[in-house]
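Take a look at the structure set out below.
Hydrogens, waters and symmetry mates are skipped; everything else that's a heavy atom, side chains included, is used.
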2 protein chains.
Amino acid sequence: MDIFAILQEERSQFSTAEQKIADILLGDFDFAVKASIIELAEKAEVSPPTVTRFCRRLGCQNFADFKVRLAKSAFVGLRYLNPEAKSTEPADVAEDVITKAQNALFLIHRSLDPLILEKAADRLSRADMIYAFGSGGNSSMIASEFQNRLFRLGCRVTASSDHNMQLMFTAAAHSNDVLIGSSFSGRNQELVRCFRLANENGISTIALTQSGSPVADAAEIVIGIDLAEGDNIYRPTSTRFAFLAVVDVLASLVAYRNRKLSTVTLRHIKQQLVEHRDGADDRQILGD
Amino acid sequence: MDIFAILQEERSQFSTAEQKIADILLGDFDFAVKASIIELAEKAEVSPPTVTRFCRRLGCQNFADFKVRLAKSAFVGLRYLNPEAKSTEPADVAEDVITKAQNALFLIHRSLDPLILEKAADRLSRADMIYAFGSGGNSSMIASEFQNRLFRLGCRVTASSDHNMQLMFTAAAHSNDVLIGSSFSGRNQELVRCFRLANENGISTIALTQSGSPVADAAEIVIGIDLAEGDNIYRPTSTRFAFLAVVDVLASLVAYRNRKLSTVTLRHIKQQLVEHRDGADDRQILGD
DNA sequence: CGATCCAAGAAAATAATTTCCATGGAGTGT
DNA sequence: ACACTCCATGGAAATTATTTTCTTGGATCG
């Protein structure tokens with residue numbers, strides 16, 4: 001499906017000539033997208049037929065098909081190799097911010113493990129009570145979003161960004177509750193403490209954080225979110241979009257698992273909103 | 001830059017044959033991306049040269065270049081014509097959620113007006129105090145994010161999701177303050193009331209909402225966010241991603257405008273985080 | 001009514017791509 | 001150690017696709 005993933009996966013199995021092509025591809029992507037097969041062959045110092053075979057090897061029908069796929073991937077997939085935005089003009093800043101966000105989504109999509117999502121959704125959908133923890137602006141937003149998505153589905157859920165409250169909630173939690181925590185850095189020691197305590201008490205823990213980090217190590221189920229951030233300090237982190245996407249995916253999965261309850265609850269909420277607002281129409285958004 | 005936008009803008013100026021090509025393009029996109037110039041010409045019932053001319057007209061160098069651009073656009077741009085996800089399997093749900101989010105970003109990118117962004121950023125960067133208002137889960141998240149992004153840049157800002165507090169804040173605001181409000185539906189009457197009051201008192205108002213809605217009508221500067229939502233009630237709205245992107249764009253613009261203050265403030269915050277956390281490294285994220 | 005201009009197609013030329021075949025090198029078996 | 005085989009690679013030719021040029025038909029304006 002995605003040229004990039006294939007390129008990196010199969011990399012080791014490439015022959016000398018194919019390696020050269022791959023190097024050009026990864027090194028000068030823009031060129032590769034524009035170039036004809038001959039130009040590409042010349043630059044890689046191989047013959048055109050080798051390029052064609054290379055395309056076939058990558059699961060494409062022909063060079064044209066390959067270029068199309070390459071272009072598709074390039075649109076979102078490889079911007080992270082690109083430099084910063086050109087200027088501080090609104091149009092450029094908007095492009096930069098949005099491209100980075102799309103990138104983050106692209107990358108998280110590739111790195112998400114369906115089995116882990118399944119496991120996490122399973123725990124959440126069967127939980128008596130869900131505690132969503134996160135601190136420090138970014139992660140507290142994620143925790144709130146968990147609450148905001150899940151309560152609509154009939155889940156019992158509370159979010160907290162207060163370390164002390166988190167610890168108390170955890171201590172008071174019952175065995176069939178679930179603790180889901182978010183940490184962008186993976187080094188939220190207070191969250192680690194909550195996870196440890198929860199695990200001691202046989203409470204399931206789910207972490208949205210960097211793989212291999214202290215927070216990840218302390219959690220039972222880890223949804224790894226490992227995106228390289230640009231180093232423009234003036235820009236908000238695009239990783240937020242990835243975290244948010246994970247929240248949405250989990251919430252959707254929980255909704256499908258508890259479909260009946262979700263439907264009833266959503267309908268209830270909608271009904272109240274319609275009754276409350278004057279002239280609200282059918283396409284009323286649940287939660288302004 | 002984007003084939004789609006051009007296609008729709010220039011649509012009226014197309015000749016008969018060009019219209020036919022455009023119709024094929026819009027009607028069967030997947031085919032158009034795969035097809036050769038001859039296949040495309042046949043399907044549109046025109047001659048190959050006409051297709052080449054059409055490509056040139058759209059600002060492409062040749063047919064190959066055109067296809068590349070088409071493919072780039074297709075990756076994100078036309079998914080909104082696609083039906084719902086195939087199943088409730090984690091992989092499919094993830095793809096659906098993330099694709100929709102990318103779409104929302106794509107669409108908001110196209111519809112953002114740099115001049116309006118400029119104007120909004122200008123007001124925000126010169127404001128003595130910023131009030132970020134939003135209610136009902138989605139918009140309150142946006143308001144919080146405004147606060148969360150802007151305070152780091154040295155802005156004086158507060159967020160509120162409480163209608164009463166919003167009204168009191170507005171009543172108490174000074175003339176050089178700015179009120180920025182978010183409403184997904186555009187029908188948040190309480191926000192409308194705040195905007196009206198603010199305008200009466202000569203306070204600048206910025207709205208992130210649907211164009212032409214009551215909220216939009218009440219605001220001085222309107223950043224229109226008009227995305228069609230899918231009607232899968234189990235899914236969180238992907239429009240959130242668009243709103244969030246707008247927050248980030250505005251915050252970035254404000255950062256560049258008040259670069260000195262932003263730099264100093266960000267450094268201060270970082271310093272405190274580093275001192276507080278044990279073993280925190282240089283790549284510490286500002287706000288976990 | 002005629003002239004001119006533009007659009008569209010046909011044909012030819014050009015460019016690109018693929019297939020087929022040949023060569024060379026590495027590895028293996030005798 | 002030599003030879004055989006297989007595979008990777010590149011070259012040339014054939015095929016295919018694309019573009020250019022030229023011509024025709026139709027529409028508009030004088």
Roughly how far, to the nearest 0.5 Å, is CG of A/L105 from OG1 of A/T239?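 So the OG1 of A/T239 and the CG of A/L105 are separated by 10.5 Å.
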
Name the one of B/D226, B/I225, B/V222, B/V215 that satisfies side chain to side chain contact (heavy atoms under 4.5 Å, CB included) with B/Q210?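 For B/Q210, the side chain to side chain contact (heavy atoms under 4.5 Å, CB included) check succeeds only for B/D226.
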
With A/F241 via ring pair (Phe, Tyr, Trp, His ring centres under 6.0 Å) - residues at least two apart: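 For A/F241, no residue satisfies ring pair (Phe, Tyr, Trp, His ring centres under 6.0 Å) once neighbours in sequence are set aside.
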
List for me each residue that meets ring pair (Phe, Tyr, Trp, His ring centres under 6.0 Å) alongside B/F66, sequence neighbours excluded, and say none if there are none.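 With neighbours one apart ignored, the set is empty.
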
A/D122: salt bridge (Lys or Arg N to Asp or Glu O under 4.0 Å) partners, not counting sequence neighbours: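 Partners of A/D122 under the salt bridge (Lys or Arg N to Asp or Glu O under 4.0 Å) test: A/R126, A/R257.
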
Would you give a per-nucleotide map of nucleotides 10-22 of chain C, 5' to 3', where B means the base has a protein non-hydrogen atom under 4.0 Å away, S means only the sugar-phosphate does, and - means neither? B------BBB---

Determine the stems involving DNA chain C; a stem requires 3 or more consecutive pairs of the Watson-Crick or G-U wobble kind, each with both distances below 3.5 Å, and the answer is none if no such run exists.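 Expected stems, ordered by start: C:1-30 with D:1-30.
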
Distance in angstrom units between [X] [atom1] and [N] [atom2], rounded:
| X | N | atom1 | atom2 | value |
| --- | --- | --- | --- | --- |
| A/R57 | D/dC7 | CZ | C1' | 12 Å |
| B/E45 | C/dG9 | CD | P | 10 Å |
| B/F66 | D/dA17 | CZ | P | 18 Å |
| B/Q19 | C/dA8 | CD | C1' | 16 Å |

Does C/dA7 have OP1 or OP2 sitting under 4.0 Å from an N or O in the side chain of B/T50?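 Answer no for this pair, as no side-chain N or O of B/T50 is under 4.0 Å from OP1 or OP2.
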
Pairs touching residues 44-55 of chain A that satisfy side-chain hydrogen bond (donor to acceptor under 3.5 Å, both in side chains), sequence neighbours left out: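 Qualifying pairs, neighbours excluded: A/S47-A/T50.
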
Within a strict 4.5 Å, meaning less than it, do heavy atoms of the B/L208 and B/F146 side chains meet?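 Side-chain contact under 4.5 Å: yes.
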
Give one of base, sugar-phosphate or nothing for A/V51, where a contact means two heavy atoms less than 4.0 Å apart.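 No contact.
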
Is the shortest side-chain N to carboxylate O distance from B/K100 to A/D248 below 4.0 Å?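 Here B/K100 does not pair with A/D248 in a salt bridge, since their nearest N and O are not under 4.0 Å apart.
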
